[in-house]
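Encoded as structure tokens, the structure appears first; notes follow it.
The structure presented is a predicted model; accordingly, all values stated were derived computationally and were not measured.
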Amino acid sequence: MRNEKVRMLCEGALCVAIAAVLSYVKLDVGPSGGSINATMIPLILFAIRWGWGWGVGAGLVFGTLKYFLGEGFVISWVSIVFDYSVAYAFVGFAGVLKRKANLAWLAALIGCVARFVIHYLSGVTVYAEWMPEEFLGLTMTTPFFYSALYNLFYMLPSTVIAVVGVFALSQVSAVRKWLEGNDLK
């Protein structure tokens, strides 16, 4: 295809836009942020189609836009970078399984776990001093446990939504062909 890069950029912009719309359909679960939603699905699909490099780029753009569209809770510029730009960029690592529609569920899991790791690290470092004494009825004694618990509270349901959603979409013939890049050959 002559204009493959233009097509890729347009598809990336559409997937970022769809993710932005999906970010408003959410269930807020934390007093300091965190929500359950389907936002990662279009980012993961884009990463599977175009690879992890472009997937990371699309996630970075989305994460940065998400903060600036008024969706952000931050403590400092470091939390902006980690909890938005870098966290969503890491969703793009789903693209390590580029054009592997049959492994789309695994790609989704990779992207979601990668995002969780960044949120976890942010919780251990940036948010550690704001750790409550009690969370979900449990006494918090270490930021390592608190960060894992807090981030799993919203990331686990979002991961299930993403893995199931990406798997279901990858079973649709037209989506499968798109993920595999059949239209680019």
Side-chain angles (χ1 to χ4, degrees), residues 4-26 30 33-74 77-101 103-123 125-127 147 151-152 154-170 175 178-181:
E4 190 171 299
K5 190 173 268 188
V6 171
R7 183 174 185 155
M8 183 270 309
L9 289 170
C10 290
E11 288 177 7
L14 285 171
C15 287
V16 167
I18 293 167
V21 169
L22 288 173
S23 75
Y24 291 103
V25 181
K26 64 185 176 185
S35 61
I36 299 169
N37 58 44
T39 300
M40 293 183 288
I41 293 173
L43 300 174
I44 292 165
L45 294 173
F46 178 78
I48 294 169
R49 177 166 163 87
W50 294 102
W52 71 269
W54 291 110
V56 166
L60 180 71
V61 168
F62 170 74
T64 304
L65 281 174
K66 182 172 172 59
Y67 171 73
F68 285 108
L69 290 173
E71 287 289 300
F73 174 86
V74 297
W77 69 268
V78 177
S79 62
I80 295 170
V81 171
F82 272 102
D83 287 326
Y84 295 94
S85 301
V86 175
Y88 282 101
F90 268 55
V91 172
F93 282 108
V96 298
L97 296 174
K98 182 179 180 181
R99 307 252 164 93
K100 304 263 193 268
L103 296 175
W105 67 271
L106 181 57
L109 186 60
I110 290 168
C112 293
V113 168
R115 178 181 164 205
F116 170 79
V117 167
I118 298 303
H119 286 303
Y120 173 77
L121 293 173
S122 177
T125 57
V126 178
Y127 290 95
S147 182
N151 288 299
L152 278 172
Y154 69 92
M155 279 298 301
L156 189 57
S158 291
T159 297
V160 170
I161 290 167
V163 170
V164 170
V166 167
F167 174 76
L169 288 169
S170 72
V175 175
W178 180 78
L179 288 173
E180 293 170 346

Does anything in residues 53-62 pair up under salt bridge (Lys or Arg N to Asp or Glu O under 4.0 Å), and if so which pairs, sequence neighbours excluded?
->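 Counting only pairs at least two positions apart or across chains, no salt bridge (Lys or Arg N to Asp or Glu O under 4.0 Å) contact touches residues 53-62.
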
Any side-chain heavy-atom pair from [X] and [Y] closer than 4.5 angstrom?
X: T159; Y: L109; result: yes
X: F62; Y: P42; result: no
X: I44; Y: C112; result: yes

Atom pair [atom1]/[atom2] of [X] and [Y] - distance to nearest 0.5 Å:
X: I80; Y: F68; atom1: CD1; atom2: CZ; answer: 6.0 Å
X: H119; Y: S79; atom1: NE2; atom2: OG; answer: 11.5 Å
X: L9; Y: W50; atom1: CG; atom2: CH2; answer: 9.0 Å
X: I36; Y: K26; atom1: CD1; atom2: NZ; answer: 12.0 Å
X: L43; Y: Y88; atom1: CG; atom2: OH; answer: 8.5 Å
X: W54; Y: L60; atom1: CH2; atom2: CG; answer: 12.5 Å

Parallel under 30°, tilted from 30 to 60°, perpendicular over 60°: which one fits the rings of F90 and F93?
->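 F90 and F93: perpendicular rings.
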
Answer yes or no: does atom CH2 of W178 have more than 12 heavy-atom neighbours from other residues, nucleotides or ligands under 6.0 Å?
->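 Result for CH2/W178: enclosed.
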
Is the count of non-hydrogen atoms from other residues, nucleotides or ligands lying under 6.0 Å from F82 atom CZ greater than 12?
->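 No, the 6.0 Å shell around CZ holds no more than 12 heavy atoms from other groups.
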
For the side-chain contact (heavy atoms from CB on, under 4.5 Å) test, which of L97, V164, V163 pairs with W105?
->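 It is V163, the one option of L97, V164, V163 that forms the side-chain contact (heavy atoms from CB on, under 4.5 Å) with W105.
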
Step-by-step side-chain contact (heavy atoms from CB on, under 4.5 Å) determination, D83 to Y127 = CA-CA 11 Å; D83 287 326; Y127 290 95; 2.9 Å; yes

Can you give me the closest heavy-atom contact between [X] and [Y], atom names plus distance?
X: G123; Y: S147; value: CA-OG, 3.4 Å
X: K66; Y: S23; value: NZ-CB, 3.8 Å
X: A107; Y: A94; value: O-CB, 3.1 Å
X: L22; Y: A38; value: CD1-O, 3.5 Å
X: L45; Y: L179; value: O-CD2, 3.4 Å

Would V91 and F46 count as a side-chain contact (heavy atoms from CB on, under 4.5 Å) if you check the C-alpha gap in whole Å, the side-chain angles of each, and the deciding distance to 0.1 Å?
-> CA-CA 10 Å; V91 172; F46 178 78; over 6 Å; no

For E11, enumerate each residue passing the salt bridge (charged side-chain N to carboxylate O under 4.0 Å, His left out) test, keeping only those at least two apart in sequence or located in another chain.
->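 So E11 forms a salt bridge (charged side-chain N to carboxylate O under 4.0 Å, His left out) with R7, R49.
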
Would you find a donor on one side and an acceptor on the other, under 3.5 Å apart, between the side chain of S170 and the backbone of F167?
->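 Present.
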
T39: partners by side-chain hydrogen bond (donor to acceptor under 3.5 Å, both in side chains), with sequence neighbours left out |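 So T39 forms a side-chain hydrogen bond (donor to acceptor under 3.5 Å, both in side chains) with N37.
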
